[in-house]
Amino acid sequence: MKRTTLSSIGGWQPFLFCVGMYVVALFFSIFLCSSIFYALNSRTGKETEKTAVVSAEKQQLAAVSH
(Lines give C-alpha, C1' and ligand atoms only; values in the text may rest on other atoms or scores of the structure.)
Protein backbone atom coordinates (compact mmCIF):
# COMPACT_ATOMS: atom_id res chain seq x y z
CA MET A 1 0.00 0.00 0.00
CA LYS A 2 1.41 3.33 -1.06
CA ARG A 3 0.60 6.55 0.70
CA THR A 4 -0.75 9.05 -1.77
CA THR A 5 -0.95 12.04 0.57
CA LEU A 6 2.04 13.50 2.39
CA SER A 7 1.70 15.93 5.21
CA SER A 8 4.22 18.72 4.69
CA ILE A 9 3.79 20.11 8.22
CA GLY A 10 4.42 16.76 9.91
CA GLY A 11 8.19 17.07 9.78
CA TRP A 12 8.13 20.60 11.15
CA GLN A 13 5.84 19.85 14.09
CA PRO A 14 8.56 19.04 16.68
CA PHE A 15 10.61 22.03 15.60
CA LEU A 16 7.63 24.40 15.80
CA PHE A 17 6.70 22.97 19.20
CA CYS A 18 10.22 23.62 20.54
CA VAL A 19 10.23 27.15 19.15
CA GLY A 20 6.81 27.82 20.69
CA MET A 21 7.88 26.49 24.07
CA TYR A 22 11.05 28.60 23.91
CA VAL A 23 9.04 31.76 23.22
CA VAL A 24 6.62 31.03 26.07
CA ALA A 25 9.48 30.28 28.51
CA LEU A 26 11.29 33.45 27.42
CA PHE A 27 8.17 35.55 27.99
CA PHE A 28 7.56 34.14 31.46
CA SER A 29 11.21 34.44 32.47
CA ILE A 30 11.33 38.10 31.43
CA PHE A 31 8.09 38.75 33.32
CA LEU A 32 9.31 36.92 36.42
CA CYS A 33 12.76 38.52 36.47
CA SER A 34 11.41 42.03 35.91
CA SER A 35 8.81 41.65 38.65
CA ILE A 36 11.48 40.43 41.10
CA PHE A 37 13.77 43.29 40.06
CA TYR A 38 11.10 45.94 40.57
CA ALA A 39 10.03 44.39 43.89
CA LEU A 40 13.59 44.53 45.24
CA ASN A 41 14.38 48.00 43.86
CA SER A 42 11.20 49.75 44.90
CA ARG A 43 11.30 53.15 46.51
CA THR A 44 12.53 53.21 50.06
CA GLY A 45 10.82 55.11 52.86
CA LYS A 46 13.40 57.93 52.77
CA GLU A 47 12.63 58.84 49.17
CA THR A 48 8.89 58.91 49.75
CA GLU A 49 9.37 61.11 52.81
CA LYS A 50 11.43 63.57 50.78
CA THR A 51 8.77 63.86 48.10
CA ALA A 52 6.08 64.35 50.75
CA VAL A 53 8.05 67.19 52.38
CA VAL A 54 8.72 68.92 49.06
CA SER A 55 5.09 68.71 48.01
CA ALA A 56 3.95 70.05 51.40
CA GLU A 57 6.27 73.06 51.18
CA LYS A 58 5.22 74.06 47.67
CA GLN A 59 1.52 74.72 47.42
CA GLN A 60 0.31 75.32 43.91
CA LEU A 61 -3.24 76.17 43.06
CA ALA A 62 -2.92 75.82 39.30
CA ALA A 63 -0.18 75.14 36.79
CA VAL A 64 -0.21 75.55 33.04
CA SER A 65 2.66 74.31 30.94
CA HIS A 66 3.16 74.70 27.23
Side-chain angles (χ1 to χ4, degrees):
M1 292 174 59
K2 284 188 173 182
R3 290 171 43 182
T4 57
T5 59
L6 296 174
S7 177
S8 61
I9 194 78
W12 287 94
Q13 186 178 3
F15 176 73
L16 293 176
F17 177 77
C18 290
V19 168
M21 291 303 291
Y22 178 77
V23 169
V24 170
L26 186 66
F27 173 75
F28 280 121
S29 65
I30 290 172
F31 175 74
L32 183 66
C33 291
S34 63
S35 61
I36 290 172
F37 176 77
Y38 287 122
L40 294 177
N41 291 329
S42 63
R43 285 187 165 185
T44 60
K46 294 178 182 177
E47 292 179 6
T48 55
E49 289 174 5
K50 287 180 184 177
T51 56
V53 170
V54 170
S55 63
E57 291 175 0
K58 284 186 169 182
Q59 183 178 5
Q60 286 185 335
L61 299 177
V64 178
S65 62
H66 295 278

Chemist: Quick one: sort the W12 and F15 rings into parallel, tilted or perpendicular, breaks at 30° and 60°.
Modeler: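 If you compare the ring of W12 with that of F15, the planes turn out perpendicular.
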Chemist: Once you round to the nearest 0.5 Å, how far does CZ of F28 lie from SG of C33?
Modeler: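 Atom-to-atom, F28:CZ and C33:SG are 13.0 Å apart.
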Chemist: Tell me, do S34 and Y38 make a side-chain contact under 4.5 Å, heavy atoms counted?
Modeler: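 In short, these two side chains touch, coming nearer than 4.5 Å.
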Chemist: If you measure from CD1 on I36 to CZ on F31, what distance do you get to the nearest 0.5 Å?
Modeler: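 It is 10.0 Å, given to the nearest 0.5 Å.
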Chemist: With L26 as reference, evaluate I30, V24, V23 under the side chain to side chain contact (heavy atoms under 4.5 Å, CB included) test and give the passing residue.
Modeler: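 The single option meeting the side chain to side chain contact (heavy atoms under 4.5 Å, CB included) with L26 is I30.
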Chemist: Please name the pair of heavy atoms, one in P14 and one in G11, separated by the smallest distance, quoted to 0.1 Å.
Modeler: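 Closest approach of P14 to G11: CD-O, 3.7 Å.
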